[in-house]
Protein chains: 2
Amino acid sequence: MHQVHPALRQPVTAADRVLQEIQRAIVEGDIAAGSKISEPELARRFDLSRAPLREALARLERCHLIERIPNAGARVVKLSVAGLLALYQLRENLEGLACKLAAEQMSDTEIAEVRQLLDQHLSSQRVREGESYYQEAGDLDFHYRIILGSKNSYLINILCDELYYLVRMYRVQLGMNGPRVSRAFDEHKAIINAIANRDGELADLLMRRHIAASRRNIELKLQQMGS
Amino acid sequence: MHQVHPALRQPVTAADRVLQEIQRAIVEGDIAAGSKISEPELARRFDLSRAPLREALARLERCHLIERIPNAGARVVKLSVAGLLALYQLRENLEGLACKLAAEQMSDTEIAEVRQLLDQHLSSQRVREGESYYQEAGDLDFHYRIILGSKNSYLINILCDELYYLVRMYRVQLGMNGPRVSRAFDEHKAIINAIANRDGELADLLMRRHIAASRRNIELKLQQMGS
DNA sequence: CGCCCATAGATTGTCGACAATTTACGCCTA
DNA sequence: TAGGCGTAAATTGTCGACAATCTATGGGCG
């Protein structure tokens with residue numbers, strides 16, 4: 001039996017469970033962005049001691065959802081245009097690389113499975129027109145598959161474990177909707193086609209554009225909010 | 001007063017201190033690659049309780065120096081050709097990006113400081129011909145400056161906090177020496193020149209080649225050892 | 001003889017309390 | 001009234017002990 005990647009490992013310890021709960025709470029804005037994290041309060045709220053809670057906080061810091069200062073506590077990260085640009089700058093590059101590697105590394109069956117996934121999304125999208133949650137989940141699922149397809153464990157770790165929660169936080173709290181939703185499907189299709197043709201260079205380019213378009217969408221929302 | 005980057009923050013807590021000690025021990029092979037980490041043993045050895053030690057272990061996992069399995073403990077990472085390739089594949093891309101950004105973001109004074117640093121290295125190299133430790137430290141210093149020059153905090157975090165200890169581990173344990181040492185200086189010079197000319201594309205290319213050359217050097221060593 | 005299972009030992013995960021540090025408040029002073 | 005200082009409260013960091021889980025050894029069974 002081969003070891004599954006930590007990113008999709010199910011929680012076994014109390015720290016794992018509380019981590020997932022707090023992650024969800026922060027990503028969905030249930031715990032407000034910029035607010036202070038109180039260890040005693042969270043410990044009471046989730047009914048466990050501070051030891052596993054602190055373990056969870058360490059991992060939250062790892063995925064950039066909180067910022068800790070020694071002896072002074074932790075704060076939930078604040079969303080900003082500058083932060084979004086820095087994050088997506090990196091994402092464009094890394095997921096572009098993931099595409100290039102996936103074009104070399106993914107097996108034909110893996111590629112077929114991703115195509116099947118896209119067809120599945122397309123049909124469910126026709127039914128639930130404009131339903132942004134499914135789009136969100138479907139988009140993530142697509143990106144995950146490509147990233148895993150790169151077969152580079154360090155790259156997988158950075159994207160799936162360390163950056164994606166923050167990406168989701170921007171997307172959930174600032175919303176992705178409008179005409180982007182339907183276009184994203186076409187872009188996904190073009191990307192997997194390039195990978196199927198083993199054209200890593202093109203897949204890289206298309207993924208960068210895909211992510212840049214997504215960034216502009218959120219950037220606009222952020223600026224609208226700011227004004 | 002603005003906040004310094006965590007990468008060069010000095011230790012304030014016991015967990016910070018023991019982290020640095022264990023990091024050094026693993027990187028330099030003082031704690032053997034592939035060996036099991038025993039929490040009680042390390043706690044005795046560094047004369048502290050398991051709480052700060054576990055905090056340190058969490059961060060060691062973050063920079064890929066150990067691998068943990070829930071309820072089963074931690075092992076020091078094993079060096080391998082496959083791991084080296086995956087790591088350097090990522091490094092080429094990320095430091096290439098850092099160069100591109102540095103060409104846009106670094107101030108003229110920052111660039112001048114890096115040039116001064118290189119001159120300094122060159123003169124000290126002439127005196128200590130072939131001294132690999134200084135080369136090692138100097139090379140790291142150069143790369144750090146470029147990375148910090150990118151001004152992208154996520155990129156800085158990944159390279160300086162999460163990947164560089166492992167890079168150093170490969171370099172220290174498998175050694176960088178021979179003709180590479182003197183060539184690296186010239187390559188550094190060419191890279192900072194490209195950045196000074198605000199030619200991000202060239203700086204990117206040169207850095208990728210620089211890192212690829214370094215990889216081949218270590219790869220050779222690893223294969224010699226394996227046979 | 002090899003494989004499986006049970007038990008004993010050791011290790012990791014979790015808990016509650018104490019120590020060290022930071023933050024908040026009130027007081028004094030200029 | 002604004003600012004600085006000292007104390008008190010709260011928070012974080014650390015400790016030692018207990019509970020849950022895994023590993024290893026030995027015995028039984030096919």
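Lettering of chains follows the sequences in order, A, B, ..., and the numbering in each one begins at 1.
Note on A:Ala72: only backbone sugar-phosphate atoms sit closer than 4.0 angstrom, heavy atoms only; bases stay farther off. Within 4.0 Å of A:Ala14, counting heavy atoms only, lie sugar-phosphate atoms of the nucleic acid but no base atom. As judged by a 4.0 angstrom heavy-atom cut-off over every strand, A:Ile37 is placed among residues touching the sugar-phosphate backbone only.
Of the residues A:Leu155, A:Leu159, A:Asp161, the one that meets the side chain to side chain contact (heavy atoms under 4.5 Å, CB included) test with A:Asn157 is A:Asp161.
Along DNA chain C, the stretch of nucleotides lying under 4.0 Å from any heavy atom of chain A spans, 5' to 3', C:dG13 to C:dT23.
Look at CG on A:Asn71: it is 10 Å from P on D:dT12, rounded to the nearest Å. Summarising the geometry, the separation between CZ on A:Arg68 and P on D:dT11 is reported as 15 Å, rounded to the nearest angstrom. Distance, B:Glu39 CD to D:dT21 P: 17 Å, rounded to whole Å. Between A:Ile69 atom CD1 and D:dT12 atom P the separation is 12 Å, expressed in whole Å. In this structure, the CG atom of A:Leu57 is 11 Å from the C1' atom of D:dT12, given to the nearest Å.
A cation-pi arrangement, defined by a distance under 6.0 Å to the six-membered ring centre and an angle within 45 degrees of its axis, is absent between B:Arg145 and B:Phe142. In this structure, A:Arg168 fails the cation-pi test against A:Tyr165, since its NZ or CZ atom is not both closer than 6.0 Å to the six-membered ring centre and inside 45 degrees of the ring normal.
Side-chain contact, A:His64 with A:Glu162: no donor N or O sits under 3.5 Å from an acceptor N or O. For the residue pair A:His188 and A:His210, a side-chain donor N or O sits within less than 3.5 Å of a side-chain acceptor on the partner.
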What are the atom names and distances for every N/O pair under 3.5 Å that joins the protein to nucleotides 4-10 of chain D?
none

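Counting heavy atoms from C-beta outward, B:Arg215 and B:Gln89 have side chains that stay 4.5 Å or more apart.
Within 6.0 Å of NZ on B:Lys78 lie no more than 12 heavy atoms contributed by other residues, nucleotides or ligands.
Listed for the A:Arg75 side chain is a donor-acceptor partner under 3.5 Å among the backbone atoms of A:Gly34. For B:Glu104 (side chain) and B:Leu101 (main-chain N/O), no donor-acceptor pair under 3.5 Å exists by modelled atom type.
Heavy-atom nearest nucleotides on DNA chain C were determined for A:Arg50 and for B:Gly73, and the one closer to the 5' end corresponds to B:Gly73.
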